[in-house]
2 protein chains.
Amino acid sequence: MRFTIQRDRLVQSVQDVMKAVTSRTTIPILTGIKIVASEEGVALTGSDSDISIESFIPKNEEDEVVVDIHQPGAIVLQAKFFSEIVKKLPTDLVEIHVENHLQTVIRSGKSEFNLNGIDADEYPHLPQIEEENAFKMPTDLLKAMVRQTVFAVSTSETRPILTGVNWQVEKNALTCIATDSHRLALRKAVLETDSDETYNVVIPGKSLNELSKILDDQNDLIDIVITENQVLFKAKNLLFFSRLLEGNYPDTSRLIPSESKTEVVVNTKEFLQAIDRASLLAREGKNNVVKFATLEDQFIEVSSNSPEIGKVVEEIPSQLKEGEDLKISFSAKFMMDALKTLEGTEIKISFTGAMRPFIIRPLNDDSILQLILPVRTY
Amino acid sequence: MRFTIQRDRLVQSVQDVMKAVTSRTTIPILTGIKIVASEEGVALTGSDSDISIESFIPKNEEDEVVVDIHQPGAIVLQAKFFSEIVKKLPTDLVEIHVENHLQTVIRSGKSEFNLNGIDADEYPHLPQIEEENAFKMPTDLLKAMVRQTVFAVSTSETRPILTGVNWQVEKNALTCIATDSHRLALRKAVLETDSDETYNVVIPGKSLNELSKILDDQNDLIDIVITENQVLFKAKNLLFFSRLLEGNYPDTSRLIPSESKTEVVVNTKEFLQAIDRASLLAREGKNNVVKFATLEDQFIEVSSNSPEIGKVVEEIPSQLKEGEDLKISFSAKFMMDALKTLEGTEIKISFTGAMRPFIIRPLNDDSILQLILPVRTY
């Protein structure tokens, strides 16, 4: 194998596939990056066996030569060193050359690295996926849907299925749901697809977080292929595979109350900042619980009290307040996480009593819903 | 105590005094910030008993009212909470008011915090320092001298005196020296002072690091007062006290070779980047040692070898090479630390043999010197 490549393009691809590489693997070869040079270009692969990422660097891009292939071939190089080395090379062009079977020379200007490679034949194969039933969505919509749900997955392994996000595809609509059983995030979107396949799968939260980091915030369409135990996200020059979580996701629809007894409308930013301030003192009590109460005259009160440190009280105007008066307590962290995903300037919070889960939505937008279970304190 | 103050000015001063506050103190009141409101303005103090910082906010600044004192007084508030609270207050003006002896109300817009204060009389007094023998220097020069020496202090407590920087003032010149016994950094500057006092003191490295963070990079003069066991840095509206280290600093002058057998001149940035690359593989061997050798034709070679991973070799052109050929090994980290302090584009390295300490200086500048002890490998 021997090729010459633009350093910056190589650095970018290495950074992408590094998102799948971990040093804590039981399969030693997975601490490496697989490099395959073919007549078409160079493919890099990284994997931790749950997530696999392939980034392809074509020979030419926008009429510019990116890679010059002298001799096709393949090698696996230690990811930790290879990624650090390419970042620090002195010149814009890099030559990579496998000598004597596994010895790999990386040359840039007067700098020459000689790394011990591993036989690429020993690297695990990527999942084989039939791409018949792909559906498409804009990349920025995918990223938004991930951001608005993935934060709510469980971090505990006691119910592994809850560490993933439930993706339901039905009648050209995608619904993403995440819950850790104390709160729930739900986001819906319409898909452009001809197929009427239905899916109900659970994608690990970690996979979705890594996917989001790699994808650019633009509206190019991304292909999504779901199989029995894998999902493949396919963007330009990028393949992102993730295994699916096994098991049935709980039916969350009955958790979401359909009517309410108290409704308030507040400015998202004002409310978020008030909760943030109240949580400064709540944090110390370890449970991070703040109190919320409706007042007279369209005001609501947010407060918290930590006897050893002090207390905080503040009033926030609400644009609308309907129904019964209410006092309720909830986790400031859960509320802030939820508010950060709601882009509208105004949100409506719908309560059905101090002991019942309540719902937060942007005003006049049903595509997203955040649900939080209150905490008993009043 | 009751006053109204501009939030941003308060946030800035709180951040400055926080540099001295630590949660790991055996004196509970030092986890607090002392606030003293007088007719002249508001003084904030933070201290960990080694370092004490006082930041003063005058009533008026540039014809603008910064503080409005309604009633003078003093209180100590928990630094951790007070600093977080002031940063997040909703409006530009903040009212601070002590009620019922120690209960302190912080009010900003519709937000009201009520903190349990501590009696300010219990707060330790700042050191009393006679300011007769101050000398002055530009703030940016002080920051440069700290940056160019403090990195070389020892981090080990086996010889506590080496955790400080030795400041020698004699004949209107200040010399700063730091060494951890494997390397040494020395920086000299001429002072503008009328006094012919001489000083030889050791200032804790930690104090100098914190001082540097607080001072702006401008050329206003800063007053420095040295006493038997304290040093005071006095800038506009800021007092920074540090205790001095007890004991005698070793005489380092005999460590510095006065003649050399091999001299090379290289471009600082080129050399730094080559060392950085070579250290990528050296790091794994834990000692982080790279090799340096003079070649024919004005070139030098930097290399490192880590049998399990691979090796790196690169050539760097030298503008000048005089004397005996040489092979030597040294810590890549020490070399990079030293090179980062040398601002000139060209540096001269003077060797007196593979087993002797060597010196790095900017070309044509004797005010700064970095010394490194080699490592035996060749």
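None of these values were measured; they are calculated from a predicted model. Numbered from 1 within each chain, the chains take letters A, B, ... in sequence-line order.
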Seminar exercise, completed: Here the pair of heavy atoms bringing A:Arg277 nearest to B:Phe113 is O-CZ, 3.6 Å

Exercise. At their closest point, which heavy atom of A:Phe81 faces which heavy atom of B:Leu281, and how far apart are they?
Worked result: CD2-CD2, 3.8 Å

Problem set entry | Spatial distance of atom OG (B:Ser279) from atom NZ (A:Lys88) [nearest 0.5 Å] | 6.0 Å

Problem set entry | Approximate separation, where rounding is to 0.5 Å, of A:Asn114 CG and B:Asn305 CG | 9.0 Å

Exercise. For atom NZ of A:Lys19, is the number of surrounding heavy atoms from other residues, nucleotides or ligands below 6.0 Å larger than 12?
Worked result: yes

Which answer fits [X], side chain, backbone, both or neither, if we ask what part of it has an atom under 4.5 Å from a heavy atom of chain A?
X        : value
B:Glu112 : both
B:Glu315 : both
B:Pro307 : backbone
B:Glu308 : backbone

Exercise. Highest number of heavy-atom pairs under 4.5 Å with chain B: which of A:Asn116, A:Ile316, A:Ile85?
Worked result: A:Asn116

Problem set entry | Top contributor to chain A contacts, counting heavy-atom pairs under 4.5 Å, from B:Gly117, B:Ser111, B:Gly109, B:Pro317 | B:Ser111

For this session: May I ask you to name which of B:Leu115, B:Val302, B:Leu89 has the most heavy-atom pairs under 4.5 Å with chain A?
Result: B:Leu115

